[in-house]
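Read through the structure below, which is laid out as structure tokens, and then see the notes.
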Amino acid sequence: MATTILRRCGRTLNLVMQQKSRPICLQKFHRLLYAAINDRNPSHFLQANSCQIIPVHWLQIDTRATVKINNNVVKVLEEENEYFHGCLESSPIYRRYLLIAPDLGKLNTESKSQPYDLDLRQFLVKLSTEPIEERYKMISYNKFGKLFMNWSNNFQKLSDEELFLDLKLLSVLNLRLGFTKPLKSIAILVGTVCNDEFIKRMPYWSVDQILMAADLFFNLRCNNIKKFTFLDKMFLEIEKNLSALEKEEIIMTLYYANLRRNCTFHFLNKLTRKVSETISSCSPSEVGIICLGNFKCKNVQMTPFHYMLPPYLIENIDSMDSMIVSAIAKFLTGSHGIRFLTDKSQDLKLQLLFKLAQKAPELDNGTLLKVLEMVERARCINLKLVRQLESLSLNSNLRQWRTKDLAKMSFLIGNYSTIIENPGKLLDDIIAELLMADRKTEMKEFLPVVSLALDGMARVGVYPVELLKLLYVENNSEYLYDKKSYSITLYQLLDSIRIECPQILEEISSPFVSNLFARKNDIQGKIRLRLPEAKKKFLKELSDTLKDVFGRGFVKETSVLAFDDNNIELCVTEDGEPILVKKWEKDNNMAKCKRLRFVMLTSIDFYEVFDDENQSRFHIKGFTYMKLRQMKKLGYIPIPVRETDLSQSSDKGKFIKQQIQQALDINKK
């Protein structure tokens, strides 16, 4: 089957090289090629690799993540992985764990040998002397696959020492620096052959040898391909020797956990606990690798490392590059920020915020966003960081930003809207950039971005019609509805529009919008499941208090917004006298009836904001403020009740009556 497909590949490729319908024929060629590849026989790659190097504009590659080299080779930017791999390469301690090509010197310039006249070792030596652009043309040469297969036929005869010498030589390929589909085919060929041989030898290898072999898949850009199971099995093998691991071996293992993104939480926790014993002797780049390994594998379990990291960050942040700060911020954000420090040390939290604000001007835009996201999750910030967010929104060239980062900024502005002076102004440029974004080829990625951005804008009361139209187009909305928790976001956003800007509903009207309102009960059920346990307890305490003060017949638990489970409703006269539920339910048009809604506020509804003198005040979150604003729009008088105020009150009945009277007095004004 594969042979037949490859013959068709050859005929299609001839059309490509004859300048006839290149883009169309080339797409057909790639489909046929990958059909052959899926047959999983490495020898089937040989004929496929006869393809010449392909110009960039023929490739279906996200150009936002790439740059061109001489219109031939695409350089794929994985800056984070490259940065930390570079840190490891530059360290004499870690070089022994990496496949670093030896100094091969120069070939005899009088030699006229062509690549197909050389065996693989000679070919790689010649390759190492060529400039990058020429190097990729040589790699793509049609005889390379044959050279490699001839070499791999003797795999089993090679000793470990000979094998690793050849693997170091093979690292000259370094496909991290460039990418075309033929090069990717070569990478899969090399990876397939080496994967099987490595698995056979791994039980007899030392940890150093296992880690060195893993570096091959990084050089080939194949560390995420699932069928290369060596990377998964090596974690199990290394775990057997956990007690004897040195710090450097743990760091290297965590680096490959970051690349593979598939390591068990149990093993990660063991590694992180063990390396935390030596954190004081770790360099910033080593700490960055520890953080990335845990973050990329989505490990959020607490370890001693979490408590040691903030003091380490305070002490060393001045010497950290932006990339290292970014890695640490990602890790702490995934671990709920620095929230675990709140009860332990207020002074430590204050110092960390001060250091982050001091470092902020040196950070690149993406890293600064991650820092702001981290402190937002931790529910604390200082005014210097708020000013950095404002400056970032107004003074940056947003055209160069990823759409994902624009959405994050919108979300942060929405949540910090009670602290920022003019949040609507900051959102104007973000809206313009999102509308200009190229979304035709990346719609499935773009829709969640729009959803997140609009979620943040709703907290400010901003509803851009053109973005909403894009989100609520029938096909787009149906796609999002089936993904994760987007059904809740879509409904909540739509309900906000219904309350605050009902005229927009006509402009975005579609069958899906109607169906979404019809699914209200189902979605509200999902929202109830998401209500934090602390709020459930507070709801019961507040409800019991009101029933004790006014009687059961005067209090009703209902939900009027799409953002929470239940609030407690109480109807009173203008003088503050309660009215029975049965009475006001019969006559909703009672002229002198004041409908009160008690809004439960816990610690998750506030940010602790430190001013320039390090004095703190609590500001309500943009999300919570939006709920209060929407209740007013519906004609209710919201009465915010803080959990701490109620629990610390000696006379709860008196406290509740004071809150009601205060709300009524404000409403009269």
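Here the structure is a predicted model, which means the values were calculated and not measured.
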With rounding to the nearest 0.5 Å, note down the distance linking [atom1] in [X] to [atom2] in [Y].
{"X": "Asp215", "Y": "Ile210", "atom1": "CG", "atom2": "CD1", "answer": "14.0 Å"}
{"X": "Gln209", "Y": "Met202", "atom1": "CD", "atom2": "CE", "answer": "12.5 Å"}
{"X": "Asn195", "Y": "Ile188", "atom1": "CG", "atom2": "CD1", "answer": "12.5 Å"}
{"X": "Tyr94", "Y": "Leu211", "atom1": "OH", "atom2": "CG", "answer": "11.0 Å"}
{"X": "Ser393", "Y": "Leu427", "atom1": "OG", "atom2": "CG", "answer": "8.0 Å"}
{"X": "Phe305", "Y": "Ile279", "atom1": "CZ", "atom2": "CD1", "answer": "4.5 Å"}

Run the numbers on Thr303 and Asn269 for side-chain hydrogen bond (donor to acceptor under 3.5 Å, both in side chains), then give the verdict. CA-CA 7 Å; Thr303 65; Asn269 282 330; 5.6 Å; no
Does any part of the side chain of [Y], heavy atoms only, come nearer than 4.5 Å to the side chain of [X], both counted from C-beta?
{"X": "Glu80", "Y": "Lys296", "result": "yes"}
{"X": "Met457", "Y": "Leu467", "result": "yes"}
{"X": "Asn382", "Y": "Val386", "result": "no"}
{"X": "Leu369", "Y": "Asn365", "result": "no"}
{"X": "Ile381", "Y": "Phe610", "result": "no"}
{"X": "Val449", "Y": "Leu434", "result": "yes"}
{"X": "Asn81", "Y": "Leu259", "result": "yes"}
{"X": "Met409", "Y": "Leu389", "result": "yes"}

In this structure, is the centre-to-centre distance between the rings of His85 and Phe218 below 6.0 Å?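 Yes, close enough.
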Check for me whether the distance between the ring centres of Tyr255 and Phe84 falls short of 6.0 Å.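 No, too far apart.
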Knowing that exactly one of Leu412, Leu392, Ile420 qualifies, which makes a side-chain contact (heavy atoms from CB on, under 4.5 Å) with Leu426?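 Exactly one option meets the side-chain contact (heavy atoms from CB on, under 4.5 Å) with Leu426, and it is Ile420.
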Consider ring pair (Phe, Tyr, Trp, His ring centres under 6.0 Å). Of Tyr416, Phe623, Tyr625, which one does Tyr607 pass it with?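 Going through Tyr416, Phe623, Tyr625 one by one, the ring pair (Phe, Tyr, Trp, His ring centres under 6.0 Å) with Tyr607 is satisfied by Tyr416 alone.
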Could you point out which residue of Arg260, Arg261, Lys227 forms a salt bridge (Lys or Arg N to Asp or Glu O under 4.0 Å) with Asp232?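 For Asp232, the salt bridge (Lys or Arg N to Asp or Glu O under 4.0 Å) test succeeds with only one of Arg260, Arg261, Lys227, which is Arg260.
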Decide side chain to side chain contact (heavy atoms under 4.5 Å, CB included) for Tyr256 and Met234; before the verdict, give the C-alpha distance in whole Å, the side-chain angles of both, and the deciding distance to 0.1 Å. CA-CA 10 Å; Tyr256 291 118; Met234 85 170 197; 3.5 Å; yes
What is the ring orientation for Trp205 with Phe230, classed by angle as parallel under 30°, tilted 30 to 60°, or perpendicular over 60°?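 Ring orientation, 0 to 90° scale: perpendicular.
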Donor + acceptor pair across side chains of Asp455, Thr489 (<3.5 Å):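 No.
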Using the side chain to side chain donor-acceptor pair (under 3.5 Å) rule, pick out the option among Arg379, Glu376, Lys621 that qualifies with Asn415.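 It is Glu376, the one option of Arg379, Glu376, Lys621 that forms the side chain to side chain donor-acceptor pair (under 3.5 Å) with Asn415.
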